[in-house]
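Both counts, for ligands and for their atoms, begin at 1 and track the order of listing. Reckoned from all heavy atoms, side chains included, excluding hydrogens, waters and symmetry mates.
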Amino acid sequence: MSGRPAIGIDLGTCNSCVAVFRDDKVQVIANDCGNYTTPSWVAFTSTTRVVGDAAKDQVATNPVNTVWGVKRLTDNKLSDVNVQSDMKHWPFTLISSNMKPKIEVTYKGENETLYLEQVTAMVLSKLKETAEAHLGTTVMDAVITVPSKFNTCQRQATRDAGTVAGLNVLRIISEPTAAAIAYGLRKKFCEERNVLIFDVGGGYTSVSVVTIGDGTFEVKSTAGDTHLGGEDFDNRLVNHFLQEFKRKYQKDISGHKRARCRLRTACESAKRSLSCSTRASVAIDSLFEDINFYTSITRSQFEELCADLFRGTLRPIENALRDAKMDKAQIYDVILVGGSTRIPKIQNVVQDFFNGKELNKTINPDEAVACGAAVQAATLRGDKSAAVKNVVVLEVTPFSLGIETAGGVMSTIVRRNTTIPNKKTVSYSINQTSIVVAVYEGERAMTKDNNLLGKFELTDIPAPSGATEIEIIFCINPDDVLEVSTVVKSSGEPKKLTISHNKEHLTKEEIDGMIHDLERYKADEERERESVLSKNVLESYCFNMKRAVEENLKHILMVCDDTISWLDVNDHRQKEDYYQKYRQTQEAVDTALMKLL
Ligand code: AMP
């Protein structure tokens, strides 16, 4: 492979992971704390901004300025019911700006508002730095993964965040597809096999049915729930313990941000413990007004609390199988991905659905997605290694695409789960001299319920007597860019207009502004880091000096005490003896004093 390495990034709701394909194998890269996943958390303090483990570690003391879980906000409006429900659990403030949610924090004593893309860019930038520190070179090219049911705007918002972070986003791919690549490369199938990737992470459940051949990965269908993951299970636990606290102490602490944050951290930890134990304790000293909250929860209680959510993970599986036109018996392997698939009850529910079939837990659920993305990045950069050179990945459109026709009706042109790349032409008869071609994404019958991707106007259509035939052509290239063009049949020269689906997103000026802001935060962080380093140097000098003085002083005192004791028992010695003892004592004291200089 020529030039700089390209990385794969799993940008998760809770945790993110970065990997690279090098020397014929995938390497997951550890961050500066030595961890292979980095919390997707960003915190703002009175002096600096921190990202990752450092941000998560300080949440209890700075809950309102610590931002996490916001991937679920991607391209959602504040009025969205799911956002409203999440907001109750977030201690930070969300405001609406130009119909988009913005996060409000206090940074260095001042109020700052940030778009989601900015926070996402901070996490991506941290992963970029992690890779650069490991590889010893600048990294630009990256493949970033998103949940399979991310729509066009959500994918574009992720791409924009990558650009703000200084990355050249080679491609956005679906998380289950990336996991399938990681699995397929290890398995090395000679004949085609259908596998189902079941991915339950922090915020999302994604399912894909993928046919894997010798280096080929053809996604047959994809389905998901953009609001079903570990965060929801944590929320149930938090509510459970808030009620218990109220019952036991007649105090409602749901509005107390610090207490709530500490409870949440304890709940997540208890949830993880319940994956390997049948009971987990929650012990929080002085949770509220000096009340020590010591309690516990059993695995069965947890399963009861989340029963509907766990069952809900089957819906995407059923939808994916239906869209792939496959029966569960045709699935060779069910592959578990994402931290939440460690929950035994979720495994039971899925295993029962597949009539007791053994689930495949052979790939690392936290790292597989980043590994697959790294392979895809290497392939796109033309890596000629035997392991990746023949890798071909064919994804599908997660939603149907179409145009608006009379009365606001959605006329679907490309059905969901159509293989990409794809070209589809549909003819319409019109009797107007101008039309607006409005392109939508979604499954609903009326365009008002779907997602508008962009529109353009077609004017000067020759109006022969009767109807004019116009062709609408939808072309999706391998990079998932949709181009819509029209050809007016009756005109001598075919007219062609093209839109790209990233038209409606951040402008160049907005991206430049965000890049500038990111640099500012980074510079502050670097200044803070240097200041802490210098403070550490001074502090350790003082501690070392104190210790050295104490140790050597102790030694000098001991030498003098020894000599005095010697004198006590050597009352009448020769002059030379006293002189020699004097020399020895002085030498020992001088050596100790020299060590201090
Ligand atoms: P991911 O997005 O794949 O990093 O998944 C993160 C989610 O997995 C978080 O909600 C974690 O709390 C959850 N998780 C990680 N490990 C476990 C575990 N052992 N048991 C239950 N949930 C877990």
Side-chain angles (χ1 to χ4, degrees), residues 8-19 28 31 35-41 52-53 56 59 68-72 74 86 89-90 120 123 127 144-150 158 174-179 182-183 197-208 224-238 261 263-280 282 297-299 301-303 305-306 309-310 313 335-350 359 361 363-373:
I9 294 179
D10 170 9
L11 179 63
T13 313
C14 299
N15 298 301
S16 296
C17 184
V18 58
V28 180
N31 65 19
N35 299 327
Y36 289 96
T37 57
T38 297
S40 309
W41 291 48
D53 296 280
K56 193 168 182 179
V59 65
W68 44 270
V70 289
K71 181 169 149 187
R72 288 174 139 196
T74 315
D86 280 340
H89 295 276
W90 283 323
T120 308
V123 176
L127 298 169
I144 304 176
T145 62
V146 292
S148 53
K149 271 298 182 186
F150 251 27
T158 308
S174 296
E175 287 159 6
T177 307
Y183 162 87
I197 311 288
F198 178 64
D199 179 357
V200 191
Y204 300 86
T205 295
S206 297
V207 174
S208 289
D225 189 326
T226 49
H227 239 84
L228 182 55
E231 294 275 305
D232 301 288
F233 314 146
D234 296 347
N235 291 345
R236 290 278 169 99
L237 282 175
V238 169
C261 239
L263 180 60
R264 190 181 185 85
T265 306
C267 284
E268 205 234 352
S269 167
K271 176 189 73 176
R272 286 174 184 251
S273 302
L274 289 173
S275 293
C276 49
S277 317
T278 49
R279 179 182 286 278
V282 167
I297 184 160
T298 63
R299 187 187 282 176
Q301 279 175 299
F302 173 56
E303 290 173 355
L305 284 176
C306 299
L309 300 178
F310 293 165
T313 60
I335 300 141
L336 302 187
V337 185
S340 300
T341 56
R342 292 194 180 94
I343 295 174
K345 186 67 187 178
I346 293 188
Q347 295 182 3
N348 292 345
V349 165
V350 176
L359 307 177
K361 302 176 202 164
I363 59 173
N364 185 319
D366 303 319
E367 298 168 4
V369 171
C371 292

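One finds the CG atom of Leu336 at 12.0 Å from the CG atom of Asn364 (value rounded to the nearest 0.5 Å).
Atom 18 (C) of ligand 1 has Ser275 OG, 3.6 Å as its closest protein atom, hydrogens excluded (heavy atom only). Ranking the protein heavy atoms by distance from atom 6 (C) of ligand 1 puts Gly202 N, 3.7 Å first. Closest to atom 23 (C) of ligand 1, if we only count protein heavy atoms, is Gly339 O, 3.3 Å. Regarding atom 16 (N) of ligand 1, its nearest protein heavy-atom neighbour is Arg342 NH1, 3.1 Å.
Of all the atoms in ligand 1, the ones that sit under 4.0 Å from a non-hydrogen atom of Asn15 are 4 (O). Against a heavy-atom cut-off of under 4.0 Å, Gly338 is close to the following atoms of ligand 1: 3 (O). Atoms of ligand 1 lying under 4.0 Å from any heavy atom of Gly230, numbered from 1 in the order shown and given with element: 10 (O).
On a distance-only criterion, Lys271 and ligand 1 share at least one N/O pair closer than 3.5 Å. At under 3.5 Å, not a single nitrogen or oxygen of Asp366, backbone or side chain, sits near a nitrogen or oxygen of ligand 1.
Residue Ile343 places a heavy atom less than 4.0 Å from ligand 1. No heavy atom of Gly12 sits closer than 4.0 Å to any atom of ligand 1.
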Output, in order, the C-alpha distance, side-chain angles, deciding distance and verdict of salt bridge (Lys or Arg N to Asp or Glu O under 4.0 Å) for Asp225 and Lys149. CA-CA 7 Å; Asp225 189 326; Lys149 271 298 182 186; over 6 Å; no

Please report the C-alpha distance between Lys71 and Glu175 in whole Å, then the side-chain angles of each, then the deciding distance to 0.1 Å, and finally whether the salt bridge (Lys or Arg N to Asp or Glu O under 4.0 Å) criterion is met. CA-CA 14 Å; Lys71 181 169 149 187; Glu175 287 159 6; 3.0 Å; yes

Assess whether salt bridge (Lys or Arg N to Asp or Glu O under 4.0 Å) is satisfied between Glu268 and Arg264, documenting all intermediate values. CA-CA 6 Å; Glu268 205 234 352; Arg264 190 181 185 85; over 6 Å; no

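In this structure, the side chains of Cys261 and Val59 come closer than 4.5 Å at one or more pairs of heavy atoms. For the pair Asn15 and Asp366, the minimum side-chain heavy-atom distance is 4.5 Å or more. No side-chain heavy atom of Ile297 sits under 4.5 Å from any side-chain heavy atom of Arg279.
Side-chain contact annotation: Ser148 with Ser208, donor-acceptor N/O pair under 3.5 Å absent. Remark: the His89 side chain and the Asp234 side chain contain no N/O donor-acceptor pair separated by less than 3.5 Å.
Contact annotation for Glu268 and ligand 1: only side-chain heavy atoms (C-beta onward) come within less than 4.0 Å of the ligand. When non-hydrogen atoms are compared, ligand 1 lies under 4.0 Å from the backbone of Ser340 as well as from its side chain.
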